[in-house]
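Here's the structure, in C-alpha cells; my notes come after.
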Amino acid sequence: LLQPHPVSLAQQGTQPQSIKIEGDITLGGLFPVHSRGPAGVPCGDVKREKGIHRLEAMLYALDQINSDPDLLPNITLGARILDTCSRDTYALEQSLTFVQALIQKDNSDVRCSNGEPPIIPKPERVVGVIGASGSSVSIMVANVLRLFAIPQISYASTAPELSDNSRYEFFSRVVPPDSYQAQAMVDIVKAMGWNYVSTLASEGNYGESGVDAFLQISREAGGLCIAQSIKIPREPRPGEFDKIIKRLMETSNARGVIIFANEDDIKRVLQAAKKANLTGHFLFVGSDSWGAKSSPIQDQEEVAEGAVTILPKRASIDGFDQYFTSRSLENNRRNIWFAEFWEDDFKCKLTRPGIKYDPSRRKCTGDERISQDSQYEQEGKVQFVIDAVYAMAHALHSMHLDLCPGYMGVCEKMDPVEGRMLLQYIRSVNFNGSAGTGVMFNENGDAPGRYDIFQYQMSNVSNPGYKDIGQWTNHLRLNPEEMQWSGGDRRIPDSVCSFPCEPGERKKMVKGVPCCWHCELCDGYQYLLDEFSCDMCPFDMRPLPNRTGCRPTPIIKLEWSSPWAIIPVFLAILGILATTGVIGTFVRFNDTPIVRASGRELSYVLLTGIFLIYLITFLMIAEPSVAVCAFRRLLLGLGMCISYAAMLTKTNRIYRIFEQGKKSVTPPKFISPTSQLIITFILISVQLLGVFIWFGVMPPHTIIDYEEQKPPNPEFARGVLKCDMSDLSLMLCLSYSIVLMITCTVYAIKSRGVPETFNEAKPIGFTMYTTCIIWLAFVPIFFGTAQSTEKMFIQTTTLTVSMSLSATVSLGMLYIPKVYVIIFHPEQNVQKRKRSFKAVVQAATVSTHLSMKSSEKQNGESKIEPDRSQ
C-alpha cells in the first residue's frame, strides 16, 4: 500500500503535523521539511536535502543510540518531530507542541455526563529540542523554550547573537557561530597581506550579523580597514547589482570583497561584475553560504576564479548513506513526509484515494531505489544533526549515572527531567562525534570553530573546482603555495589602500582611515626617524642614500694636487727662487756701490719679508694642524708687515731728509742704518705683539666646518678641515700690514718730487700703487665668494696669489733692476762723486722749484719774464 499524500490531507484539513516516535524520554525535533509557502500559504515544496536528509539523520541517530548497549542502556529515546516550513512564525506555532505538557490547565469546571471528572490524556513531555535550522527560526523558538527551561541544540544556526547567554541561555549548537567564521575570514584576509577590503551582506539576520561580526573583529584586531560596507536588499530592484559593482569600484584599491550573502545574491553579484567587464578584478572571500557550492558560480566561473571560501569542517557519514539509500515507502512509514520526498526525488506520482490521476507524470512503482534511480549526495549538515542528537543522549546518560546510579530505566529523580540541570550536563559533554572530531560546548553553548578553506581554481588544473587550501581551528593554517589566482598567477594580488612607502619616505596618514596614507620623501638633510616622521641628521652627518639613517660627512681639505693649489704653489716657488737669487746676488756683491746705495740692512729685511710672503702659500695649503695653524697666524701678516715696515722706513727717511733740507742744512735725526733697523723692528714688533696676544686669548686649533660645503643635495656635503681663522680674524691679521702699506703709499706720493738719481722713492711709489690695486681687487673676490660651496678653495687661492703678486711687484720693481745692472752692466756699478748734505739739499730745492714752475705753466699762470742772459 502506498502512503497517502500529505498535501491532500492538508487540503482536507487533516494533515498530520508531526512525527511521533514512542520512547521513555522524548526529544523534540525542528526541521525545514518544506520551503516557505507563497502569500497566505504557510508551506511550499518539500526540501529534499535540507529537510528530509536532516530529519532522517535524527531518526538514524535515534536508532543508533537505542541500539547502543553502552549509551542510555534500558532507556529508549523517543521523538516528536515538527516541520518549520522555513518560516519563523510558523515554527513558533509548531513549537508550542513541546510545551503543552508544561502548561497547567484548569479542568475543575469540566465534568463528564455522569458527573465524573474527565480523563484527559497527558501530552508527552519533551526534555530537549534538536533544531532549528535557520537562525531566525532558532531565535524565535529559543525565546519560547527558555520560558519553560527546555534545552535546545541546533545543528545549523550560526547567527552570532545566539551566543548571548543572557538572552538565549538554553540554546546550544554543534556548529560554530558566524563570529568564528568572521574571525577565520579576518585571519585569511590578514594572511594574504590585505588591509583594505569591502563587505557585501544580504539583508537579513545571517548576512548583517556576519558582516557586523567581521567589522567588530577587524576593529579589535587592527590593521584592517573597511572601504565600503554594502547591504543587498531583500527585494533588489532592476539594476541594483550594477549599482553595487559601481559603488565597489569607487574604492578600486579595495579589491578584496568579503561576502556574507545567500546563493542567489552571490550569483547576481558575479553576473554584474562580469557585465561590467571586471573579470579578475574583485577577489572574493565567501562565507559558508558560498562554501564549496557550484550553483552560485554556474556560468560565472571566470569571475569567481580565485575566490576563497570557508565551510565548517564536516565529513560524509557512511553509515547514514547506507541507512538512507535503503529507505523505501515500505520500511519508512514513520516519516510522514517521506512519500512526498519520494514523488519529488523520482519525479513520479503516487496513487492516492480521492485524488485524480495526473497523466503528465509517470506513476510511482514503489520499487525505485535512492541513488540508483535518482541522484544522491549526502547533505552537508547531516553530521551535525547526528552530533546534536548524540550530545543530548550523552548529557542524559551522564545525568542518569549521577541521579539514578545502578537503576534500570528512568528513576523518579529523572521523571520529569529538570531542564536547567540537563542544560548543565549538555554544556559538560565532550565526546568524539560522528566524523571523529570532538563535540563540546563553551560557556555560551557554542561549538569549537572548525573550518575548511577552499579556493575556486580554473587555470592550470585538470579539474576546475574548489581546492582545499587550508583550515581554521581557533587559528589559521593556510597553504599559500596551493593558491592561484586569475590566469594562473601564483602571486597573491594586492588589496591595500596605500602601498608601503619607499625607503626614506614617511607616511602621512589620511584622516580617519588608518590604512591609507600618502608617502612623503624626507628631503634635505632629514632621515626617516620612524614610520611617520623625519628628523634632521646631526650637524656632522648626512643621510644615507635611502635616508633610513645618517652617515658621517666626508672630511676634505685643500689637496696639493688640486688646481686651486697648483697655481699658487707654482707662483710661490718661482718667487722663492727669484728672491733667493736676489739675496744671493746682494750677498755676493755686498760691498758694491749699488748694493750699498740701496741700503743693505733694510734691503735684507725687506727681502726676508718677501721670502716669508712666498713661504706662507705652503702653510695655507698644508693640511691644518695645531702647528700649521700657529705658523699661519704668525707668518700670514708677518711677511707683509716686514716688507711694508722696511719700505715705510725708507720712504719716511727720504721724505724727512728733503723736508728737513728745505728748512736747514742740519740732517734730520734717525737716518743712519742702525736707526732705520730699529724703527723697522719697532713697527714689526707691533704685529708680533698682536699675534702673541691672539695666541694667549685663543690658542690655535683646527676645526671642521660642516656649514661651508652644505649644498641642498646632501650627497655633495663635505666637512672642511681648516684652522680656526674666520674671515674677520684673517682680515684683522692683515689689517696692520694694510695700514703700513697705505702709510707707505702716502709717503711715496709725498716723495714723488725727489730726483730719481737720489733714491728709491719713485720705484717704491710704483710698487705701492700696484700693490694697492692688487689688494683692492682681492677684497671683492675674497668676500664675494663667502656663500660659494668652493669658498675655502677660492679664498685660499685668492689670498695666496694676491700675496705672491704683491711680493713679486716689490721684488720686480725694487730689486730686479739692480740685479740686472749688477750682473749684466757691472760698468755702471762704480763709485760716484760724493756730495755733501748741502749739495743734496740744494739739488732738491732746485728740483722742487722747477717742478712748481712746470705745474704753474700747466695751469696757464706763467708770466713772460725778460731774458736775463743778455
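Residues passing the side-chain hydrogen bond (donor to acceptor under 3.5 Å, both in side chains) test with T585, sequence neighbours excluded: none. Applying the salt bridge (charged side-chain N to carboxylate O under 4.0 Å, His left out) test to D591 and every residue at least two apart in sequence or in another chain returns R600. With sequence neighbours left out, the side-chain hydrogen bond (donor to acceptor under 3.5 Å, both in side chains) criterion links E827 to H825. Listed by chain and number, the residues in a side-chain hydrogen bond (donor to acceptor under 3.5 Å, both in side chains) with T592 are N829 (sequence neighbours excluded). Partners of S802 by side-chain hydrogen bond (donor to acceptor under 3.5 Å, both in side chains), not counting sequence neighbours: none found.
Within the structure, salt bridge (charged side-chain N to carboxylate O under 4.0 Å, His left out) pairs that include any residue of residues 514-538 comprise R506-E520, K507-E531, K508-E520 (at least two apart or interchain). Pairs engaging residues 730-747 under the salt bridge (charged side-chain N to carboxylate O under 4.0 Å, His left out) rule: none recorded [sequence neighbours left out]. Under the side-chain hydrogen bond (donor to acceptor under 3.5 Å, both in side chains) criterion, the residue pairs touching residues 678-699 are T649-T680, with sequence neighbours excluded. Identified under the ring-ring contact (aromatic ring centres under 6.0 Å, His included) test for residues 576-626, with sequence neighbours left out: F586-Y815.
In this structure, R632 and A622 approach most closely via the heavy-atom pair NH2-O, 3.2 Å. Taking every heavy atom of both residues into account, I492 and M192 meet most closely at CG2-O, 3.5 Å. Smallest separation of non-hydrogen atoms from N546 and T548: OD1-OG1, 2.7 Å. Of all the heavy atoms in K190 and G222, the pair that sits closest is NZ-O, 2.5 Å. For S495 against Y196, the heavy-atom pair with the smallest separation is OG-O, 2.7 Å. Residues R255 and S252 come closest through the heavy atom pair CG-O, 3.5 Å.
By the 6.0 Å contact criterion, OH on Y527 is enclosed, its count of non-hydrogen atoms from other residues, nucleotides or ligands being greater than 12. Remark: R551 CZ is packed, more than 12 non-hydrogen atoms of other residues, nucleotides or ligands lying under 6.0 Å away. The environment of CZ in F716 is sparse: at most 12 heavy-atom neighbours from other residues, nucleotides or ligands sit within 6.0 Å.
One distance of note links CG of L619 with SG of C629; it measures 10.0 Å at 0.5 Å rounding. In this structure, L528 CG and L544 CG are separated by 11.0 Å, a value rounded to the nearest 0.5 Å. Here the CH2-CG distance, from W560 to L558, works out to 8.5 Å after rounding to the nearest 0.5 Å. Rounding to the nearest 0.5 angstrom, the gap separating the CG atom in L683 from the CD1 atom in I678 is 12.0 Å. For the atom pair S806 OG and L811 CG, the distance stands at 11.0 Å (nearest 0.5 Å). Taken to the nearest 0.5 Å, the CD atom of E502 stands 10.0 Å off from the CG atom of L521.
With hydrogens and angles disregarded, no donor-acceptor distance shorter than 3.5 Å links the side chain of D494 to the backbone of V496. The backbone N or O of Q526 lies less than 3.5 Å from a partner atom in the side chain of R547, making a donor-acceptor pair. At least one donor-acceptor pair under 3.5 Å links the side chain of R542 to the backbone N or O of E715. A distance-only check finds no donor-acceptor pair linking the side chain of T796 to the backbone of F793 [under 3.5 Å]. Under a 3.5 Å cut-off, the side chain of T800 and the backbone N or O of T617 do not form any donor-acceptor pair. Put simply, the side chain of R718 never gets that close to the backbone of K557: no donor and acceptor are under 3.5 Å apart.
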Assess whether side chain to side chain contact (heavy atoms under 4.5 Å, CB included) is satisfied between C550 and M536, documenting all intermediate values. CA-CA 9 Å; C550 296; M536 291 295 292; over 6 Å; no
Could you please spell out the steps behind the side chain to side chain contact (heavy atoms under 4.5 Å, CB included) verdict for I556 and V720? CA-CA 5 Å; I556 62 165; V720 180; 4.3 Å; yes
Residue pair I773, T770: steps toward the side chain to side chain contact (heavy atoms under 4.5 Å, CB included) verdict: CA-CA 5 Å; I773 292 169; T770 309; 5.6 Å; no
Hey, can you pull the donor-acceptor pairs under 3.5 Å for the side chains in residues 697-706, sequence neighbours left out?
unit_1: H701; atom_1: ND1; unit_2: P699; atom_2: O; d: 3.1
unit_1: H701; atom_1: ND1; unit_2: D724; atom_2: OD2; d: 3.2
unit_1: D705; atom_1: OD1; unit_2: E707; atom_2: N; d: 2.9
unit_1: D705; atom_1: OD1; unit_2: E708; atom_2: N; d: 3.2
unit_1: D705; atom_1: OD2; unit_2: K722; atom_2: NZ; d: 3.3

Only pairs under 3.5 Å count here: list side-chain donor-acceptor contacts from residues 564-580, not counting sequence neighbours, and write none if there are none.
unit_1: T579; atom_1: OG1; unit_2: G575; atom_2: O; d: 2.7
unit_1: T580; atom_1: OG1; unit_2: I576; atom_2: O; d: 2.6

Would you tabulate the side-chain donor-acceptor contacts of residues 634-648 under 3.5 Å, counting partners in other chains and residues two or more places apart, or write 'none'?
unit_1: S643; atom_1: OG; unit_2: I610; atom_2: N; d: 3.3
unit_1: S643; atom_1: OG; unit_2: G639; atom_2: O; d: 3.1

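Within the 4.5 Å cutoff, no side-chain heavy atoms of R633 are placed close to those of C723. Using a 4.5 Å cut-off on side-chain heavy atoms (C-beta onward), H518 and V510 make contact.
Cysteine sulfur proximity is not satisfied for C497 and C225, their SG distance being 2.5 angstrom or more.
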